[in-house]
Structures are given as structure tokens and as C-alpha cells.
Visitor: 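Next up is a structure, given as C-alpha cells.
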Number of protein chains: 2
Amino acid sequence: MIKTVAIQGIKGSFHHIVSQNYFETPVSILPFMSFDNTVGSVLKNESDAAIMAIENSIAGSIIPNYALIDTHNLHIVGEHYLDIQHNLMALPNQSIQDIKEVYSHPMALLQCKTFFKQYPHIKLIEDKDTAEVAERIHNKQLKQVGAIASTLAAKIFKLDILAESIQTIKHNETRFVIVKQNNDEVLETEINKASIKFELDHKRGSLATILNVMSDCKLNLTKIQSLPIIETPWKYAFFVDVTFQDFQDFKKAKSIMDIMATSFKVIGQYKNAKQ
Amino acid sequence: MIKTVAIQGIKGSFHHIVSQNYFETPVSILPFMSFDNTVGSVLKNESDAAIMAIENSIAGSIIPNYALIDTHNLHIVGEHYLDIQHNLMALPNQSIQDIKEVYSHPMALLQCKTFFKQYPHIKLIEDKDTAEVAERIHNKQLKQVGAIASTLAAKIFKLDILAESIQTIKHNETRFVIVKQNNDEVLETEINKASIKFELDHKRGSLATILNVMSDCKLNLTKIQSLPIIETPWKYAFFVDVTFQDFQDFKKAKSIMDIMATSFKVIGQYKNAKQ
């Protein structure tokens, strides 16, 4: 049973929203300012699970988070997709013309750059976390200062939203995974997606051969990503996500791939959030 | 003939180093503060080519740069690998103990975080560009301030290196590509690598089938990356790099893949920098 969940960011952050959407029974959250510390909390048994952004439709995979999960042998026990919407917010009774400075995470500023071109009087300043700026504006009652954050952050920190959904690319979906030290949480009957990792020598056709096995075993590939293995030229690691109807098909594929590839590893077996 | 090259960052940046290493005859560089403007300079015919970081061994692919190349139909005409080494530098005649603040690009700060744990008196502050901080320290003769940048930046801006190669992961290789509006620059006899993009429906085995064609045509896969196509569920784009001995083999594979995949496109045909 997952009761305590480590998240990256504070209350009102997108990871907090995921914790509210994903779990059926309410969980307590422990906020951290880095993914390293978020994972550390799980490793110290301080949290039962961690929520981590793993890829998004604009920037692709967040490779350092794959590395964190892989290095610490954590298990993905679930996934959740969230459409990230950025909103400009400030203390009540102010207009956009009153705002002199907007603080937010570099990624949020980048995604909202075009919106701010119409307001050249606003200075954009990089900060650690989207929601933390909203909290600071509230705590210090900072006038003429704006935050770019979620509607949840506006609600928690009693700020007014001056402009909704100000990011340039309107559809900005991020995939989050829920990770644990073991995978005892997932019921076998519910499993219809898996994340695997394997290594292959740089031999012509070696990847095609493995993909043929997956196809023969009725697995559908939803993601593939090669990464050169550092310090080992001509050897590649592959991170692959597959979906399937019957868990027995995946079991069969696993036993074959385990023989064919080096360092074959199942990173997670869980329920597909997109069906 | 490439004479003027747009780079991201100023003199002394890693892109500047690549421009020095890659071209046999000296080129003039035009510095830009964003990849958007770097590419814009080529589109306006102000520069003959642009140099762009495209992937690195720590963070993986730089997806927004793939998107820039793809959207503007630019051609990759060459590639270069650079081992990124970060150095702490400051005005001469100061020790690390004298340094109070270090400014650098968020990625550089992240990669050197562990080094600075032994110097808790130093405040780390995010900035736009690694080399630009070195230039500012030089121009304003700022004491007690450090930059994290290349040895070239230290040389150009007359700073002393206080600590060499301070990034946590010592092997930090970045791949850069040289892009142009057309691919007239590359001699057919020199081509032994290509970057391609294609789309596939989410049909079981569709990727395996394409990879089988590549393998049959003697192409070696050095990179593969799937990206969901925004607004089109269950359809994926694949960015693939292949190497080959004989350009005729690639030509043959091209003609088959063009029939099998939707939106098949060659992003570049060029000389493999790793042989």
C-alpha cells in the first residue's frame, strides 16, 4: 500500500497534481527540489514511492531520470499522462500591465516565450520551481511579480490567473512514472505494458532480430530509444516500452530476449494508462 | 564553400571550438544566444551553415534541435564529436577560497554540482551562456566571481583556470551537426553515414520490417529514437542514423523505405566522424 509519495517540486507543482490524479486513496506527499533527492527518499524507505516525469511531447525523454531508475534498480509500477498547462498568476487586483517581473523554471519560461513578446515591459527571470514562486508571492505578498504555474498552485497560494494556457505549443503532454523499490504492488491480471532495457553489440541486424521476437510474441512497441554506452564504443543500450493483451505473451518474449540480448532487464510491468 | 557559420553562444563557447576543429579552412563565426536564431541566420542566407549540438552521452538527444532541423528542411552535411570539459576560471591571482559566486549555464552547473560540494562558501547562479560569463568577468574585471567554461574561453578572456575538468562524469561527449539549406557540399564518394526520418502506424511489427530492410541492405544502425507525433495518437516518428560502406547500398534501402514508410525523409548524407 502506497501511503507516502516523494515528488519533485512543492505543493501545487505538476508532480503534486499527478499524485492527486493517479492514486485512488489520498497519499501524503514529501516535496524535494531535485530528482536525485526524490529518488533518495524512496531508497531510504522514507517514502513508499516516487513520482517522476520521464518524457514529454516537446522535449522527448528525460534521460537523467531513466538513468536514476536504472542505476538504483527501481521498478516502474504505474504511469500517468498530464497535459501541462502554464498560467500567468499574481496577487489579486493587478493587471498584466502592473506586472514588472515574472519568475519561473527555465523550461516554463522557454515554453511561454512567445506569449511574453507582446509584453516587453515584463522581465523574465529563471527560478528553481514553478510552484515555489507562487508560494513566495503569497508568503511575502509580492506585488508587481508574476509566476508561471499550474491552476492548482493558483488555488493553493490564493493568486489570480491573469492569462491561461500561455505556452506556445498548446498540447504539451508529459508522461510521469510511479517508481518503487519492489514491484509487489501490481496485479498480474492488470499488467498490459512493460518497460525493458537491453544491450546489443553493434552487429548488423541485431536490433531487427530482437524486434522480430517482440512482434512474433504479439508485443506492440510504443517507444524505442537507443543510448550509446559510455566508455564502451560500438555497444548500445535500448530502452523500449511495449504493450500487450496477454501477460503470458510478454513472459514468453522475456525468456527469449533474456537469452538473445546482454543485460536484459525489466524496468517495470504495469497497467497502460492509454487504452 | 562554407565561409560564415552561425553558432550558439559567443567566442569561446563549445560551438566555437567545434567550428575551429571541423573546418579545414578558417571560417568566420556569427554568435547567437538561441538555437532558433542560429538556424534563422542560415534561413536568411546571412550564414552559409550552422553548428548545432544534437545529442550528448549524458542527456541524450536534444529533441528541440531535431525539430528545428526537420521543420525548416535543413540538411546535415557533417558531424563532429567533442568531449566537453568544464573548467572553473576567474581573474588572475585569486584562489578558489576567494571566489564567492560562480555563474554558468544551468546544464554546466548541474554537471559540476558534486565538485562544488567541497566549497560550500561558493554560491552557484544560473546564467545564459558559459563563455559569456567569462567575457563579462574580463570586461568588467569582476573579482571574486568565477565562470565554468572551456579552456578556449579562458584563453580568449585572459582568465586563470582554478580547477580543470570539474564535471562529475569525466567522459561527456557531445555530438554536433553542421546544417545547411542544401546538401551540395558533400561528395558522394565520402558519404558513409545518413540521418533519416520516417513515420509508421502503430501496427505490430512495422518497425521490425523496416529494420529488416536496413539490415538486408547492409546498413548499420547507430541510433534510433521514436517520438510520438503530436495530435496524432498511435502514430510515431522515428529518427534513425545508419552507417554503411557503399553509398549504393544506402540508395537501394532508401528506395524501399520510401515505399514502406509514410513521410520518409533523408535529413542528411555525410561523412561518419567516428571511423
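To find a chain, count down the sequence lines: A is the first, B the second, and so on, and within it residues start at 1.
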Visitor: Is it the case that atom CD in A/Q245 sees more than 12 heavy atoms from other parts of the structure closer than 6.0 Å?
Guide: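 Counting other residues, nucleotides and ligands, CD of A/Q245 stays at 12 neighbours or fewer.
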
Visitor: Kindly compute the distance separating OG (A/S226) from CG (B/L221), expressed to the nearest 0.5 Å.
Guide: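 If we round to the nearest 0.5 Å, A/S226:OG and B/L221:CG are 6.5 Å apart.
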
Visitor: Provide the closest heavy-atom pair for A/G205 versus B/S215 in the form atom of the first, atom of the second, distance.
Guide: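 In terms of heavy atoms, the two residues are closest at CA-OG, 3.4 Å.
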
Visitor: Are B/T222 and A/Y236 packed together at the side-chain level, in the sense that at least one heavy-atom pair is separated by less than 4.5 angstrom?
Guide: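 A side-chain contact under 4.5 Å exists here.
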
Visitor: Is B/E164 atom CD crowded by more than 12 heavy atoms from other residues, nucleotides or ligands, each under 6.0 Å away?
Guide: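 Result for CD/B/E164: open.
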
Visitor: Is it the case that atom NZ in A/K123 sees more than 12 heavy atoms from other parts of the structure closer than 6.0 Å?
Guide: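 No - once you tally the heavy atoms of other residues, nucleotides and ligands closer than 6.0 Å, there are 12 at most.
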
Visitor: Among A/L211, A/I224, A/N220, which residue has the highest count of heavy-atom pairs closer than 4.5 Å to chain B?
Guide: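 Going by pairs under 4.5 Å, I would pick A/I224.
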
Visitor: Do other residues, nucleotides or ligands put more than 12 heavy atoms under 6.0 Å from the NZ atom of A/K100?
Guide: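 Above 12, so yes.
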
Visitor: So which part of A/F239 gets closer than 4.5 Å to some heavy atom of chain B, the side chain, the backbone, both or neither?
Guide: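 For A/F239, there is no contact with chain B at all, as no heavy atom is under 4.5 Å.
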
Visitor: Heavy atoms only, distances under 4.5 angstrom: which of B/K223, B/E55, B/K218 has the most pairs with chain A? Name it, please.
Guide: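 Top option by heavy-atom pairs under 4.5 Å: B/K218.
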
Visitor: Less than 4.5 Å to any heavy atom of chain B: does that hold for the side chain of A/I210, its backbone, both, or neither?
Guide: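 Contact with chain B: none, neither part.
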
